[in-house]
Structures are given as C-alpha cells and as structure tokens.
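Quick one: the structure is below, questions incoming.
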Amino acid sequence: MIKYLFTFWVLQPLTLPSFAAGRDTTIHSKGNPIITHVYTADPAAMVYKGKVYLYTGHDEAPAGHNGYVMHNWLCFSSEDMVTWTQHTPEPMNVKTFKWAKDDAWASQVIERGGKFYWYAAMEHAIIPGKSIGVAVSDSPTGPFIDARGTALITNDMTKAMTHPWDDIDPTVMIDGDGQAYLFWGNGICYYAKLKKSMTELDGPIKTIDLPHFTEAPWINKRNGWYYLSYAYQFPEKIAYAMSRSINGPWIYKGIINELAGNSNTNHQAIIDFKGKSYFIYHTGALAADAGSFHRSVCIDYLYYNKDGTIKRVVMTTEGVRKAK
Ligand code: FUB
C-alpha cells in the first residue's frame, strides 16, 4: 500500500479516497476521466439488473517507466453513469490464475444463467506469449475463481500472426439463439464459438479480415445489426464494421473515435443503458508523463444514424450527465 501511494504521489497529486479492504467506496465523477484516484485502462462494461458494471485494468507503472505494469483488474458499478461504487477488495488478480505469470491486460465480463464469466488476457507462465483465461463468480463483483485451471487460449493455438501477443483483448457475446462467441486478437481478429459452459471452445478458431486491425475488438448488437469495433492503426483510433450475421461478412464502415489524448491506445466498450448509447474508452489525460502507461477511463455518448451507422464520437472533458 505504501508503494501504491508513493507511485501516484510521484506522478501527480491524485486525491485518494480511503480504501479499506472489503469496504466499497463511492466516487462522484466530475467528468472525464471518470475515476481520478487510480489509473484505469481497457474498460469493459456490462449492463445487469439496472446497473452498469465497469471492469478495468489497472496501470501501475512507476513514473518514467516505459511499459505496462498491470497486476490486477478493478470493478466499479453505477446506476446513473456518474456516481460509481468501487468494489473492493479487487475482484480479480493475475494470481487468480495459477498458470499465469503477470500482465493483467484487457478483459470482459458476461452473464449467463446467473453466473458471471470474466475473460482476461495475461502472460502465460509456461507457454511463451499472451493467453486468455476465464474466471467465474456467482456475483458480478466477485470473488472470481479460475473456471478451468488452464488457459482457454494459448499462443500455440493461433498461427495467423508470429508475434507472441496476438492472443489478447477478449470480447464475448451471446447471440439470440444462445450461441456464445469469443473474439480476440492483436494484428488479426480471431473468433471462435464457445460451449454453453462458457469455458471451452466449440469449434475451430477463425479469422476476420478487417482494415488496419490492431487489437481491442468489441462486439455489440443493435436493431438487427452486429457491430465489430476495434483499435485501428497505431497509435490507435477506433474503427468499426457492420454485419447482419455474427459470422459476417463484415463491412468496414469507418472511424468512430480519433486518437486519444496522450495515449497510444484507446480501447473501447459500447453499451446501451437507460435509453442512451455510451462509448467507454481510455485516454492518458490524467497522466503527467507517459500517458500510454498511465491511462484513465472516460465516457461519452455514442450516436447512431438512422441507417444504423455510427456517428463519430466527440471526446469531452465534461463527460455524460446522470442517466435516468
Ligand atoms: O493494457 C494492455 C493493452 O493495451 C491492451 O490489451 C490493449 O488493448 C491496449 O489497451
């Protein structure tokens, strides 16, 4: 804890609310970034029973360090997108997965049958490269336990890219017929069916050809359209493709979000909540130095055109108003 405090005071004088283990903390967001006492990255959001659950990575790089230092994930919830509760203790850590070495990278949680499945990318301890694990809980706020005891995806299972970090950034969706899908990737977008158990693949790993795909796929469905948004080029913008089927063909539609200030990554989540659509992403706006490794989650509105295409996001410092 002392190291934790020191890290953030060196970077800039962040206001630290008191965090007692096991006691949830209320955060009154004052715009973007929405959380300012701790660095948050790689947002994934889930709407469940009238609340938004926001799951993030946690940037802890020491000042001046040129790389990611990430060991755990954080969980927040809100009924109005402005007042957030941070659920403590942290609901998931790399140590949750005995086979993992470190690097608590991007993740996503989804509910099925009253259980919550948290898919997350980590460095594998034995199989060189990044891998994807899945943890399960009876509650959206945890505690989460490793659902398999082994990684669901390892680097030796995918051959389309030769670099060892192509198995990152999982996103999951359950289609109307109950079939679940896992999408992920870096440099190429992979996808595969999941069994009803949500912890095993149910068929071959396929690839999707998307222009300038870097990473961070996110799937959402709206009015009969499937949307596959993703980080485009590097430094990253966010672009998207649309399809009438989860299996494609995917038609590239353009940029949704421009470069995020002071961060070479942008990593988005898209949700609908209480009649509005939201674009949740990270920037380096809170960081005094290397923002790419000290990122913070922001939220702005997302607007669709009548034909289902997406308008470009306007990134704001004001953020969003209370959802009613
Ligand atoms: O946080 C580590 C990596 O940075 C994520 O996996 C990518 O999406 C990028 O945001």
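Note that ligands are numbered from 1 as they come in the structure, with each ligand's atoms numbered from 1 the same way. The chain is numbered in sequence order, starting from 1.
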Aromatic ring proximity, centroids under 6.0 angstrom, Tyr190 and Trp184 =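 Yes, the ring centres sit under 6.0 Å apart.
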
Examine Tyr304 together with Tyr227 and report whether their ring centres are nearer than 6.0 Å.
->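 For Tyr304 and Tyr227, the ring centres are under 6.0 Å apart.
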
Taking N or O atoms only and a 3.5 Å limit, does Trp105 qualify as a polar contact for ligand 1?
->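 Checking ligand 1 against Trp105, no N or O pair falls under 3.5 Å apart.
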
Nearest neighbour of atom 3 (C) of ligand 1 from the list Asp42, Thr265, Asn264, on a heavy-atom basis =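 Checking each option, the heavy atom nearest atom 3 (C) of ligand 1 is found in Asp42.
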
Can you pull out the closest protein heavy atom to atom 6 (O) of ligand 1? Residue, atom name and distance to 0.1 Å, please.
->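 Answer, as residue, atom name and distance: Asp169 OD1, 2.6 Å.
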
Does at least one non-hydrogen atom of Arg295 fall below 4.0 angstrom from an atom of ligand 1?
->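 Yes, Arg295 has heavy atoms under 4.0 Å from ligand 1.
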
Give the atoms of ligand 1, by number and element, whose distance to some non-hydrogen atom of His267 is under 4.0 Å.
->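 Under 4.0 Å from His267, ligand 1 has these atoms: 7 (C), 8 (O), 10 (O).
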
In terms of ring plane angle, is the pair His294 and Tyr39 parallel, tilted or perpendicular, where the classes change at 30° and 60°?
->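 Taking Tyr39 first and then His294, their aromatic rings sit tilted (interplane angle of 30° to 60°).
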
Can the ring centroids of Trp105 and Tyr68 be said to lie less than 6.0 angstrom from one another?
->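 Yes, the ring centres sit under 6.0 Å apart.
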
Presence of salt bridge, Arg222 and Asp272, under 4.0 angstrom =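 Yes, this pair counts.
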
Among protein heavy atoms, which sits nearest to atom 9 (C) of ligand 1, and what does the distance come to when rounded to 0.1 Å?
->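 Minimum-distance protein heavy atom for atom 9 (C) of ligand 1 reads Glu215 OE2, 3.3 Å.
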
Would you mind checking if Asp80 and Lys274 are paired as a salt bridge, meaning a charged N to carboxylate O distance below 4.0 Å?
->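 Salt bridge: no.
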
Output the list of atoms in ligand 1 that are nearer than 4.0 Å to some heavy atom of Ala106, sorted by atom number.
->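 Per the distance check, 6 (O).
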
